[in-house]
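Reading through the structure tokens given below for one structure.
Here is how names work: the chains are called A, B, and so on, in the same order as the sequence lines, proteins then strands, and each is numbered from 1.
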Amino acid sequence: MTRRIVITGIGVVTPIGTGRETFWTNLLDGRCGIGPVQSFDTSGYNVHCGSEVRNFKVEDYLLNLDAAHLGRASQFAIAAARLALADAGVEIGSLDRKRAGVSMGTTSGEPREVERFDDAYVSKSLDKVGPEFLAMYPCHVIAAHVASELNFSGVNSMIPTACAAGNYAIAHALEVLRAERADLMLAGGSDAFSRITFTGFARLGAVAPEICQPFDRLRKGMIPGEGAGILVLEPLERARRRGARIYAEVAGYGLSCDAHHMTAAHPAGDGAARAMQQALADSGTNAEEVSYISAHGTGTPTNDRLETIAVKRLFKDTAYRIPISSVKSMLGHTMGAASAIEAAVCALAVFNNQVPPTINLNVPDPECDLDYVPNSAREVRVNVAMNNAYAFGGNNASVILRKWELLN
Amino acid sequence: MKVEEITTTVKKSIARITSIDPSDISDHASYKDDLGLDSLTILEIAVDAEYQFQVKLSDDDLGEIKTVDDTVRMVQQYLSVAAIA
Amino acid sequence: MRNRVVITGVGVLSSLGDSSAALHAALCEGRSGIKPVQLFNTTGLGCPLGGEIADFDATKYLGQRNLRPLDRTSRLVASAAQLALKESNWSEEMRQDEEVGLVLGTMFCSVHTISEFDRRALEAGPTYASPMDFSNTVINAAAGQTAIVHNLRGLNTTISTGVTSGLAAISYAVDLIRSGRSRALLAGGADEMCFESFYGFDRAGLSCRSDRGSGDFPIPFDARRNGSALGEGAALLMLEDSDLARERGARVLGEIRGHGSSYDCSRGRSDQESVDAIASAVLHALYDGFALPHEIDCLSASANGSEAGDRNEAAGVFAGLNGQTGKLPVTAIKSMLGETLGASGPLQVIDLLETMRDGVLPGIRRLEKLDDGCPLATARSQSQELDVIDGLVNSIGLDGHCCSVIVSRGDF
């Protein structure tokens, strides 16, 4: 019998709020975190909007490490980790630190560190770059810093599978716990707003000028963002023994690769459908049992169309009965954090029987004709939620969360 | 700038990005159908052309480029606008 | 009942050759791939040496095709994948029926591509940034590109845990095959030689320096050691469910018997914490592989010439193997390859498979005076004849990550 693993804590740092409660309230209210980019000068670009985290002070969360030695993504991750553990009611001192681990995902790691390197290079002052480059830049530092801050010496992983990374990190944490290599895992993703990322997406013509409107016929693209989301994962029996609040069970997952194109998804939604199929099979769920889908829903003309194709390919007529919303309409695309934050959304949907809206959805697109929960949150009995994410390189990942009482 | 000059430069860009010999590239070649290039490669060629000629195409105009001719014509258009401005 | 995970083929690109046989022969002869760097200018840097792959031409492995969309790292990985698929006899037709996947460990993927992309945008303006380069700025780019080149539609994951990335990728793949989620996975690691990481390494004070007296080559475990030299490489193993390997009559080179990992929260600042973390990784690997310390026939160390790192590894292995390192044969191939980061662990595994095949364990090049603080009495500079059934491979990061894998000889 495979060990059952559940989510007992949620910590998020997002453009619409930090901390589970604020975040969830704002999400259901349809609040939007998108606005003019503040962290660098966008006058040389054709687009100027982003979704940034404002008023973030890592000092509010940091007890052990020195903020000066932490890049922004690491700072977000530490904050989200502490919030998640507090939310789970976990007493850090009571943990066996050798069996407490961290599994994170990211797209860019700590981009500001390489941007600093490049600034120095271009201005011929490379001698300004010191040992901090190697200590702060490589992407594994995010998971490493979280573990060092919390003194967790168990399994420590960084899975940088870009925009699907959060789901990959959660899937890995699930495997580690099922294999009994750990008793508790922090799993999630983090990304900081990045000039490199912004430049790239802008150059691809993928960035919307003002708002993110997934599935709307007039949608113009995605909005780059930043943030972090971390879940506390532990075995069901441990959670019950300590009387923890259980948001949802991580019932299963599916991973696939398009092997088609670096930046464009497979035209028939092949890889996406396979990942969803695998997740259903892995969790022993039938398509008809899915109550809610958190879409990848970036807001680009292509993604939303292909994602709709993939969902219909797998769910067939049932697709029309499943509410499917994109919180990227409110958060923008938080990159490696996205599917982690969206997994938190699914957990909260399962726990609260509410689903967030896709905002800015005003003009229906005949090619996107599913129920995207337009503009207002909804009360829905959510027994099973599916979290989908697709990334550059054709990395696809689907994670299924379920009411833990369902199997009893 | 003469059309021939622009065409030669554009074909050099294509060669650098795709390893296709410039002599194998017809002026009317369609990027997708004749040269078998994907969307990312086509965009790379367009951006490289912009860079070589120091022009900036609008996203709409970029989307219109389907053949080598289109690229040359678009560059020429933008260069003549720049010359007047 | 968990499935057994066997190795049916390997693909290697290294400064000492592009086959496991060539690599092993060079290592056993004590030849070094560490030479003055040609790929970029090292003026002003502490160490001008690196383990570069000279004259790397990916068309040799991938045929005449347009490789512009792939950067150096992607080309290295795609080439290694080609070699591994060929050696393990996984044809294109077979890959249509059975989804072969890829788990790649890399510390940087390509920080060079990321920097070039950013620098061009800085110098010429963001409108002239290269879209093609952008697609390679994500750390899972090499894995994605390789999947496209070889139609690998199985699961595709990138692991980035510094020096341990490659061994961690192998561990990740092993767990997925054991549980039945996947039946065949290419697993291993790669990192390229580039100015940006070389500079970072140097500025972090990790490079060996000739002005400190002992010579400018890394000499793991030697009392005179003063640092490492960066290298590059790509090394992939074809890992399969042993039943599948048997069904298709594949030749089995070896088996991954067990793996374990741990994290040093002090990030290398506390020797005691470091030693404990290394010992934990070793213990987890033994436990996972149902192995006892005395069954380990040799150690392929992660030691790369780092003063504290090498010492802590020796102490950690000593603790993890319950003090049974007095006669344990040990090699440290980074003495000849340099620190190849994501490729390092898989390169060690691949060379160990060769040792199991021909009964020769490479020596540690230039080792003359073993550091008293390293409890590995048998470390020596010459290669030795050795019958290895089970070997321990370590990857230990500069900043906390530790990973250990037990490899067993293929006696199937």
Open item on the list: For the interface with chain A, which of C/Ala142, C/Gly200, C/Gly400 has the highest count of heavy-atom pairs at distances below 4.5 Å?
Closed with: C/Gly200
TODO: Could you tell me whether the side chain of C/Ser344 and the main chain of C/Thr340 form a donor-acceptor pair under 3.5 Å?
DONE: no
TODO: Look at the side chain of C/Ser228 and the backbone N and O of C/Ser306, then say whether any donor-acceptor pair between them is shorter than 3.5 Å.
DONE: no
Task: Exam field: side chain A/Ser103 to backbone A/Ala169, donor-acceptor pair closer than 3.5 Å - done: yes
TODO: Heavy-atom pairs under 4.5 Å with chain C are the metric here; pick the option from A/Asn151, A/Thr263, A/Leu150 that has the most.
DONE: A/Asn151
TODO: Run the salt-bridge test on A/Arg116 and A/Glu113 with the 4.0 Å N-O cut-off and return the result as yes or no.
DONE: yes
Open item on the list: Taking side chain as everything from C-beta outward and backbone as N, CA, C, O, which of these in C/Leu122 sits under 4.5 Å from a heavy atom of chain A? Side chain, backbone, both or neither.
Closed with: side chain
Task: Toward chain C, the part of A/Asn64 with a non-hydrogen atom under 4.5 Å - done: neither
- [ ] Could you tell me which portion of C/Leu102 (side chain, backbone, both or neither) has an atom closer than 4.5 angstrom to a non-hydrogen atom of chain A?
- [x] neither
Task: Any donor-acceptor N/O pair, A/His48 side chain to A/Thr42 backbone, under 3.5 Å - done: yes
Open item on the list: Heavy-atom cut-off 4.5 Å, strictly under: side chain, backbone, both or neither for C/Ala121 against chain A?
Closed with: side chain
Open item on the list: Report which part of C/Ala129 has an atom under 4.5 Å of a heavy atom belonging to chain A: side chain, backbone, both, or neither.
Closed with: both
- [ ] Check each atom of C/Glu123 against the heavy atoms of chain A and say whether the ones under 4.5 Å are side chain, backbone, both or neither.
- [x] side chain
Task: Proximity breakdown for A/Asp118 and chain C, heavy-atom pairs closer than 4.5 Å - done: both
Open item on the list: Would the distance check show the side chain of C/Ser274 and the main-chain N or O of C/Asn312 forming a donor-acceptor pair, the cut-off being under 3.5 Å?
Closed with: no
Open item on the list: For A/Asn167, is there any backbone N or O sitting under 3.5 Å from a side-chain donor or acceptor partner on A/Ser339?
Closed with: yes
- [ ] Give a yes or no on whether the backbone of A/Ser74 and the side-chain of A/Glu110 come within a donor-acceptor separation of less than 3.5 Å.
- [x] yes
Task: Approximate separation, where rounding is to 0.5 Å, of A/Cys139 SG and A/Ile159 CD1 - done: 10.5 Å
- [ ] Select, from A/Gly105, A/Ala259, A/Ala162, the one with the greatest count of heavy-atom pairs under 4.5 Å involving chain C.
- [x] A/Ala259
Open item on the list: Quick check on the interface: out of C/Glu273, C/Met132, C/His259, who has the most heavy-atom pairs with chain A under 4.5 Å?
Closed with: C/His259
Open item on the list: If we define contacts as heavy-atom pairs under 4.5 Å, which of C/Ala281, C/Cys265, C/Gly105, C/Ser262 has the most with chain A?
Closed with: C/Cys265
- [ ] May I ask you to name which of C/Ala147, C/Ser266, C/Ala277 has the most heavy-atom pairs under 4.5 Å with chain A?
- [x] C/Ala147
- [ ] Flag the one option from C/Arg178, C/Gln145, C/Glu99 with the top tally of heavy-atom pairs under 4.5 Å to chain A.
- [x] C/Gln145
Open item on the list: At a heavy-atom distance under 4.5 Å, which candidate from A/Val129, A/Leu204, A/Val155 has the highest pair count against chain C?
Closed with: A/Val129
Task: C/Thr161, part contacting chain A, at a heavy-atom distance under 4.5 Å - done: both
Open item on the list: For residues 191-203 of chain A, give me every residue with a non-hydrogen atom less than 4.5 Å from any non-hydrogen atom of chain C.
Closed with: A/Arg195, A/Ile196, A/Thr197, A/Thr199, A/Gly200, A/Phe201, A/Arg203
Task: Separation between CG of C/Leu155 and CG of A/Asn396, rounded to the nearest 0.5 Å - done: 11.5 Å
TODO: Mind checking ring-ring contact (aromatic ring centres under 6.0 Å, His included) for C/Tyr128 and listing every partner two or more places apart, or none if nothing turns up?
DONE: B/Tyr51
TODO: Could you tell me which portion of C/Asn151 (side chain, backbone, both or neither) has an atom closer than 4.5 angstrom to a non-hydrogen atom of chain A?
DONE: both
Task: Gap separating the CG atom of C/Asp191 from the OG atom of C/Ser160, nearest 0.5 angstrom - done: 8.0 Å
Open item on the list: If you count heavy-atom pairs within less than 4.5 Å of chain A, which of C/Asp264, C/Asn136, C/Ile114, C/Leu206 leads?
Closed with: C/Ile114
Task: Side chain, backbone, both or neither of C/Asp288 within contact of chain A (heavy atoms, under 4.5 Å) - done: side chain
TODO: Under 4.5 Å heavy-atom distance to chain C, tell me which part of A/Phe117 shows up: side chain, backbone, both or neither.
DONE: side chain
TODO: For C/His150 and C/Thr146, indicate whether the former's side chain and the latter's backbone hold a donor-acceptor pair under 3.5 Å.
DONE: no
Task: Backbone N/O of A/His145 and side chain of A/Ser148: donor-acceptor pair under 3.5 Å - done: no
Task: Structural part of C/Tyr199 lying under 4.5 Å from a heavy atom of chain A - done: side chain
Open item on the list: Return the CZ to CG distance between C/Arg269 and C/Asp399, rounded to the nearest 0.5 Å.
Closed with: 9.5 Å
TODO: Using the salt bridge (charged side-chain N to carboxylate O under 4.0 Å, His left out) rule, collect all pairs that involve residues 142-162 of chain A, keeping only residues at least two apart or in two chains.
DONE: A/Arg82-A/Glu149
Task: Engaged part of A/Ala275 at the chain C interface, taking heavy atoms whose separation is under 4.5 Å - done: neither
- [ ] Could you look at C/Arg181 and say if it's the side chain, the backbone, both or neither that has a heavy atom under 4.5 Å from chain A?
- [x] side chain
Task: C/Leu185 CG to C/Asp175 CG distance, which is reported to the nearest 0.5 Å - done: 11.0 Å
- [ ] Count the heavy-atom pairs under 4.5 Å between each of A/Gly130, A/Cys257, A/Gly393 and chain C, then report the option with the highest count.
- [x] A/Cys257
Open item on the list: Looking only at heavy atoms and a cut-off of under 4.5 Å, which of A/Ala165, A/Ala147, A/Ser256 has the most pairs with chain C?
Closed with: A/Ala147
Open item on the list: Just so I understand: if I count every heavy-atom pair under 4.5 Å between each of A/Tyr45, A/Tyr168, A/Tyr253, A/Tyr137 and chain C, which residue has the most?
Closed with: A/Tyr253
Task: Trace of the side-chain contact (heavy atoms from CB on, under 4.5 Å) decision for A/Thr161 with A/Leu255 - done: CA-CA 11 Å; A/Thr161 43; A/Leu255 304 177; over 6 Å; no
Open item on the list: Restricting to side chain to side chain contact (heavy atoms under 4.5 Å, CB included), what partner residues turn up for C/Glu116, sequence neighbours left out?
Closed with: C/His112, C/Arg119
